[in-house]
Amino acid sequence: MGDVLSQIRAYDLRGALDRTRELLGRVRATLGRWRSGRPWRWSCVVVAGLLGGWLGLALGGQVVTPIGPADVTFSLSPQWHGETVVNVAPLGQLAFDTHAAPLRIEAAITDIRLSAAEEMFTDPEAIDRMAAGIGADLTDGVIALVLRSLIVAVLGATLMGFLLFRNARRALASALTTLVVLVASGGAAALTFNPSAIAEPRYTGLIAGAPQVVGSADDVVSRFSEYQEQLAGLVGNVAMIYEATSTLPVYDEDESVIRVLHVSDIQLNPASWSIIGTLREQYAVDVIVDSGDLTDRGSAAEDAFAEEIGKLDVPYVWVRGQHDSMGTQRAVAAQPNAVVLDDDVAEVGGLTFYGAGDPRFTPDATRLNPDAAGVAALGEEQAASITGGDDDVDVAILHTRTQARPFDGVVPLVLAGNEHSRSTELTDLGTRFLVQGSTGGAGLSGLEQGRGRPTPYQASVLYFDAETGRLQARDDIDLGGIGLTSAQVERHIEADPDRVVGEVTEDEEEGSPSEEPTP
């Protein structure tokens, strides 16, 4: 009986295998007929058309349109998520969900014609004329972009179809596929266009903290003429920046110049990291110096805020402020690129820094221990500790002016913070004191109501001679605070970067200027 059952099982297994082979053979035959039939051929034609159209848009889907003294590049590209993007260099980028079609429209200022800009500045009526024609210029640019995109996409699809099939009919079918898809996408974009999306932009870069830059959709409709004038003014301002910076001294990215970004009083504002990251990238800084008050209360819950330091990819030199606890200091020191100075000297990025933390921890401004006299006395001890030492300190970093004042005549440059307003002073003993404003717009306190004008975001890029370690120039950067959209960059040139430190010079006794600001 067992042998009979075994034979039956073997027979069933062979039958199953035979039936499986027969089924696979039928599937292969069906696929072969399908691949040799029209569905397969036309599927390849469609794919070739889409691929060729995409390559055509990528290579030639751009137009340059003159708007005032600026040349604006418009581009069109396929993207699953339809949007309109405006690049406002060097401030950042705005993105709008204006339509649902799989198309991305991008606009960016690519060139400024200085001759046209100079003519505009000398003619008081030029801005008015540009405001009147800016709408027509934009319309012409968009129409030119659509026409050019259709042409290059169809040509790309035709070329791709001909290269793949060597058949004019299929190449034309590929071109027709691209034309239909583009026209359908354009129609979908027109049908799904949402004007109110202009009131809900997504910000990246320096303008990430300026949500009021566009305004509501109702304002755009009811005050369109005013928006035209504002846009004209924006183009004029960008042109002026290009013209002004073209005459400034150039600090190339080479070994002779060290760039240092000075920030202070971030006070737990997450928007500061976007600003610092953008400045680090655009100015190619070598070192970031933070003169304290990274957090608001110095609590353990705020320690995670320091983790953003590790993402900056450059050395981050930091001293403790009044709002920073020793726990904050340990959190900063745990970052791989952080250099915490607390009565220490360190060489970072080719410069020798001395730094010391604030001896007070007063997040609520009530526990002032030691008092101002005690802080000044501590500063005198710290300044004396580096006087005549083995290391020539290029920069001293303290949080408050009170603690920093005794370093007058000891080092050529002192960086401080605490006051939420930038100021600078060159003393008779040759020391420049640079007190930085708040890179966090005064942090959480900047959000409080009834405080008058918002505190601006401030930072400075300092240019040092790599051989002497002396400050040559600085760019002071100011961004409007909460609810404001202003941006200003001002360069200051050191009149005598190699001055003697520690004794009064004849020029200083006569009251010569300490620095030369740009116009």
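FYI, the numbering just counts along the sequence from 1. Quantities reported herein were computed from a predicted structural model and do not represent experimental measurements.
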Nearest heavy-atom pair of D286 and P315: which atoms, and what distance? O-CD, 3.3 Å
Atom CD of Q79: over 12 foreign heavy atoms under 6.0 Å: yes
How far does CD of Q329 sit from CG of L294, to the nearest 0.5 angstrom? 11.5 Å
Without swapping roles, check the side chain of D342 against the backbone of A356 for a donor-acceptor pair under 3.5 Å. no
Pair E494 + R499: basic N to acidic O under 4.0 Å: yes
Measure from the side-chain N and O atoms of T387 to the backbone N and O of A383, and report whether any donor-acceptor pair falls under 3.5 Å. yes
Look at the side chain of T431 and the backbone N and O of L413, then say whether any donor-acceptor pair between them is shorter than 3.5 Å. no
Does the pair Y316 and D290 meet the rule for a side chain to side chain contact (heavy atoms under 4.5 Å, CB included), with working shown? CA-CA 7 Å; Y316 194 95; D290 186 338; 2.6 Å; yes
Q403 and V375 have their tightest heavy-atom pair at CB-CG1, 3.6 Å
Residue pair L426 / T424, side-chain heavy-atom distance below 4.5 Å: no
Would you mind reporting whether I288 and V260 have side-chain heavy atoms less than 4.5 Å apart? no
Verify the distance criterion only: is there a donor paired with an acceptor across the side chains of D465 and Q472 at less than 3.5 Å? no
With V287, which of V339, V314, L261, V317 fulfils side chain to side chain contact (heavy atoms under 4.5 Å, CB included)? V317
Hey, would you say the F407 and F433 ring centroids sit under 6.0 Å apart? no
Between Q382 and Y354, is any pair of side-chain heavy atoms under 4.5 Å apart? yes
Got a second to check how far Q322's CD is from T362's OG1, nearest 0.5 Å? 4.0 Å
Enumerate the residue pairs fulfilling ring pair (Phe, Tyr, Trp, His ring centres under 6.0 Å) with a member in residues 261-281, sequence neighbours excluded, ordered by first and then second residue. W273-F305
How long is the gap from OG on S264 to CG on N418, to the nearest 0.5 Å? 7.5 Å
Less than 4.5 Å apart, any side-chain heavy atom of S77 and any of L103? no
Are R401 and E419 within salt-bridge range, i.e. N to O under 4.0 Å? yes
Does the pair R491 and R474 meet the rule for a side chain to side chain contact (heavy atoms under 4.5 Å, CB included), with working shown? CA-CA 6 Å; R491 176 164 294 179; R474 76 177 190 273; over 6 Å; no
Using a strict threshold of under 4.0 Å (side-chain N to carboxylate O), is an ion pair present between D303 and R330? no
Classify the side-chain pair S460/Q436 by whether it contains a donor and acceptor separated by less than 3.5 Å. yes
Do R104 and L76 have side chains that get closer than 4.5 Å, going by heavy atoms? no
Tell me whether R422 contacts the main-chain N or O of I477 through its side chain, where contact means a donor paired with an acceptor under 3.5 Å. yes
Which heavy atom of A107 sits nearest a heavy atom of V72, and at what distance? CB-CG1, 4.3 Å
Just verifying a value: how many Å separate L351 CG and L471 CG, rounded to the nearest 0.5 Å? 10.0 Å
Give a yes or no on whether the backbone of D296 and the side-chain of H323 come within a donor-acceptor separation of less than 3.5 Å. yes
Find the distance between CG (L145) and OG1 (T73) and round it off to the nearest 0.5 Å. 10.5 Å
Measuring only between side-chain heavy atoms, which start at C-beta, is R297 closer than 4.5 Å to E302? yes
Verify, without hydrogens or angle tests, whether T439 (side chain) and V263 (backbone) share a donor-acceptor contact under 3.5 angstrom. no
All heavy atoms of V289 vs all of L415, minimum pair found to be CG1-CD1, 4.0 Å
Could you tell me whether D358 and R320 have a side-chain N and a carboxylate O separated by less than 4.0 Å? no
With the side chain counted from C-beta on, respond yes when T328 and M326 share a heavy-atom pair under 4.5 Å apart, and no when they do not. no
Which atom pair, heavy atoms only, marks the closest approach of A404 to V414? CB-CG1, 3.6 Å
What's the verdict on side chain to side chain contact (heavy atoms under 4.5 Å, CB included) for D498 and T468, showing C-alpha distance, side-chain angles and the deciding distance? CA-CA 8 Å; D498 299 321; T468 65; 4.0 Å; yes
The reported gap from CD1 in I397 to CG in L434 (rounded to nearest 0.5 angstrom) is 11.5 Å
Heavy-atom donor-acceptor pair, S291 side chain to A416 backbone, under 3.5 Å: yes
Should N337 and D313 count as side-chain neighbours, where that means a heavy-atom distance under 4.5 Å? no
Inspect the surroundings of CG in D343 and state if more than 12 heavy atoms from other residues, nucleotides or ligands are less than 6.0 Å away. yes
Assess whether a salt bridge exists between D394 and R470, defined as any Lys/Arg side-chain N lying under 4.0 Å from an Asp/Glu carboxylate O. no
Identify whether the distance between the nearest side-chain nitrogen and carboxylate oxygen of R405 and E425 falls below 4.0 Å. yes
If you measure only the distance, is there a donor-acceptor pair under 3.5 Å linking the side chains of D408 and T427? yes
Between R259 and F464, is NZ or CZ placed under 6.0 angstrom from the six-membered ring centre and within 45° of the ring axis? no
Taking all non-hydrogen atoms of both residues into account, name the closest pair between L312 and E308 and its distance. CG-O, 3.8 Å
